[in-house]
Chemist: 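Below you will find the structure I want to go over with you.
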Amino acid sequence: MSEAFDRQTAFSGTRPASGITGLGKANLSTYLESHVLGFHGPFTIEQFKGGQSNPTYLITSGSGRYVLRRKPPGKLLPSAHAIEREYRVTSALARQGFPVARPLCYCADESIIGTAFFVMEHVAGRVFWEPWAPGLAAGDRARLFASLNETIARLHMVDAGAAGLADFGKGKGYVARQIKRWSEQYRASAGQSIEEMDRLIAWLPGACPVQSQSAIVHGDFRPDNCIIDPDEPRVVAVLDWELATLGDPLADYTYHLMMWFMPRSDSGAGVGSLLGHEHDPGIPAIDSYIRDYCSQTGRDKIADLNVYLAYNFFRIAAILQGIIGRVRDGTAANQNAAHMASEVRPLAHTAWRFAEMAGA
């Protein structure tokens, strides 16, 4: 039996930066000194190990620590790597007091480091790459899950108009548009046919739940996309807003619930899973977790839960297939992306299992 992959060790911390040349670093220094209040060099730059989509770097200078997030170089899928949207939504949410890393500047000029980028403040804290939060006592683990649940509920209650985001997306028809988008991107990236994905592409459009509300949705809300306070089990910043838009909050929330059902990955290339840890001390039962979210957002229940889960597992399978396509095209940002080919089929199988539970 192969040794279990240690996500916490593999994805924590930084490594030497790739993709930014000496000239690019000089250009960047000049740019930041004129666009980030108080910034001054010299500085060092390292690349965060974790994260697949947009390469992300730690800048350490005499004036402090900053985080730079850029588009990857090379051929990109349509509408992917939308860091300009990340910059806009986090700027708006920061003004609302929502926990994000405060954006400092956005640069569309590709001559600086080769691609567009933005810079945000560095938020000190912890990232739990395993969703069961290894090392936490039961009480702290329970408070962490309560904070995660409260944070996504709070996001879904933000008034998009008051935040200046009324035009950030179409809102209604979100799941139908997502099915269309990821079906197209899956087909553009697929190297081999997966029967369950083909079935889901055919079944999902006719199974879309009726959307009763529109809200700001994160699109990838997971424990490892949150920074946790260094001393307390509390979310202090939500990261990775590339997929954010206006859409169905229940689709967003049920994506968050997938960790209770996520197939475990032996390679570490997939997404963190609670399977095998659902009963660890402090981890809430999923039914109780859903009730708490519904209570905080004024709902009685989540109808069509199995349809939402089928859609979300399909969606993440298509996203991972897109990363595989980027490996093929030489634009993947993460060294583990090449292992993702083995993860798509189990996700598709899980998606179809929920579709069958929903009557497919």
Side-chain angles (χ1 to χ4, degrees), residues 13-14 17-51 53-73 81-127 151 154-155 158 160 162-165 167-168 216 218-221 224-230 235-245 333:
T14 59
S18 63
I20 296 182
T21 64
L23 176 61
K25 186 176 176 183
N27 291 342
L28 182 60
S29 180
T30 301
Y31 185 88
L32 295 182
E33 286 177 356
S34 61
H35 288 81
V36 175
L37 183 66
F39 180 90
H40 63 82
F43 70 89
T44 61
I45 184 164
E46 303 165 277
Q47 187 166 354
F48 287 101
K49 292 180 183 177
S53 187
N54 292 319
T56 307
Y57 303 84
L58 173 65
I59 294 173
T60 305
S61 76
S63 55
R65 305 178 98 189
Y66 310 84
V67 174
L68 181 149
R69 191 157 161 88
R70 68 183 298 198
K71 291 191 178 188
H81 313 285
I83 63 167
E84 65 281 359
R85 289 178 60 82
E86 288 193 71
Y87 180 78
R88 181 184 173 192
V89 70
T90 51
S91 297
L93 289 171
R95 291 191 294 269
Q96 296 293 309
F98 187 83
V100 294
R102 184 170 58 92
L104 302 174
C105 71
Y106 171 74
C107 177
D109 184 352
E110 297 183 358
S111 71
I112 305 298
I113 61 170
T115 63
F117 67 90
F118 74 97
V119 175
M120 66 191 108
E121 67 178 358
H122 176 265
V123 178
R126 301 169 285 174
V127 175
T151 300
R154 181 180 170 191
L155 173 66
V158 170
L165 294 170
D167 62 345
F168 193 61
I216 301 168
H218 180 275
D220 195 14
F221 189 86
D224 54 294
N225 276 333
C226 296
I227 297 177
I228 309 305
D229 184 90
V235 175
V236 291
V238 181
L239 307 175
D240 196 358
W241 293 83
E242 177 193 350
L243 298 174
T245 188

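This chain uses plain numbering: 1 for the first residue, then up along the sequence. Just so you know, these numbers come straight off a predicted model, no measurement behind them.
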Chemist: Under the side chain to side chain contact (heavy atoms under 4.5 Å, CB included) criterion, do V127 and I228 qualify, and how do the steps go?
Modeler: CA-CA 6 Å; V127 175; I228 309 305; over 6 Å; no
Chemist: Examine Y57 together with F43 and report whether their ring centres are nearer than 6.0 Å.
Modeler: no
Chemist: Can you name the nearest heavy-atom pair linking W241 to L93, along with the distance?
Modeler: CH2-CD1, 3.4 Å
Chemist: Please confirm whether the backbone N or O of G164 pairs with a side-chain atom of R95, one donor and one acceptor, at under 3.5 Å?
Modeler: no
Chemist: Going through the distances and angles, do F117 and L28 end up as a side chain to side chain contact (heavy atoms under 4.5 Å, CB included)?
Modeler: CA-CA 10 Å; F117 67 90; L28 182 60; 3.7 Å; yes
Chemist: I want to check something: taking the side chain as every heavy atom from C-beta on, are V67 and V119 in contact at a cut-off of under 4.5 Å?
Modeler: no
Chemist: Indicate the atoms forming the closest heavy-atom contact of V89 with L165, along with that distance.
Modeler: CG2-CD1, 3.9 Å
Chemist: Heavy atoms only: give me the nearest C226-V238 pair and the separation to one decimal.
Modeler: SG-CG2, 4.3 Å
Chemist: Step by step, work out the side chain to side chain contact (heavy atoms under 4.5 Å, CB included) result for T90 and M120.
Modeler: CA-CA 9 Å; T90 51; M120 66 191 108; over 6 Å; no
Chemist: Please name all residues satisfying side-chain hydrogen bond (donor to acceptor under 3.5 Å, both in side chains) with R126, sequence neighbours left out, ordered by chain then number.
Modeler: none
Chemist: Nearest 0.5 Å, please: how far is CZ in R65 from CG in L58?
Modeler: 4.5 Å
Chemist: Could you pull out the closest heavy-atom pair between G41 and E33, with the gap in Å?
Modeler: N-OE2, 3.3 Å
Chemist: Tell me the closest heavy-atom pair linking F98 and T151, and the distance in Å.
Modeler: CE1-O, 3.5 Å
Chemist: Are E86 and P103 side-chain neighbours, meaning at least one heavy-atom pair lies under 4.5 Å?
Modeler: no
Chemist: Under the side chain to side chain contact (heavy atoms under 4.5 Å, CB included) rule, collect the residues that match up with S63, sequence neighbours excluded.
Modeler: F39, H40, S61, Y66
Chemist: Shortest non-hydrogen contact from A108 to A116?
Modeler: CA-CB, 4.1 Å
Chemist: Fit a plane to each ring of F221 and H218, take the angle between them on a 0 to 90° scale, and name the class: parallel (under 30°), tilted (30 to 60°) or perpendicular (over 60°).
Modeler: perpendicular
Chemist: Sub-3.5 Å donor-acceptor pair from the side chain of N225 to the main-chain atoms of D220, do we have one?
Modeler: yes
Chemist: Looking at residues at least two apart in the chain, or sitting in another chain, which of them share a ring pair (Phe, Tyr, Trp, His ring centres under 6.0 Å) with Y106?
Modeler: Y87
Chemist: Taking R85 for the side chain and A244 for the main chain, is one N or O donor matched with an acceptor at less than 3.5 Å?
Modeler: yes
Chemist: If you apply the rule side chain to side chain contact (heavy atoms under 4.5 Å, CB included), what do you find for I113 with N27, and how did you get there?
Modeler: CA-CA 7 Å; I113 61 170; N27 291 342; 5.6 Å; no
Chemist: Tell me whether E242 is salt-bridged to K71, with the criterion being a basic N under 4.0 Å from an acidic carboxylate O.
Modeler: no
Chemist: Applying the side chain to side chain contact (heavy atoms under 4.5 Å, CB included) test to I59, which of V36, T44, L68 qualifies?
Modeler: L68
Chemist: So do the side chains of C105 and L32 get within less than 4.5 Å of each other, counting heavy atoms only?
Modeler: yes
Chemist: Where the side chain of T56 meets the backbone of N54, is there a donor-acceptor pair that is under 3.5 Å apart?
Modeler: yes
Chemist: Tell me whether R69 contacts the main-chain N or O of D240 through its side chain, where contact means a donor paired with an acceptor under 3.5 Å.
Modeler: no
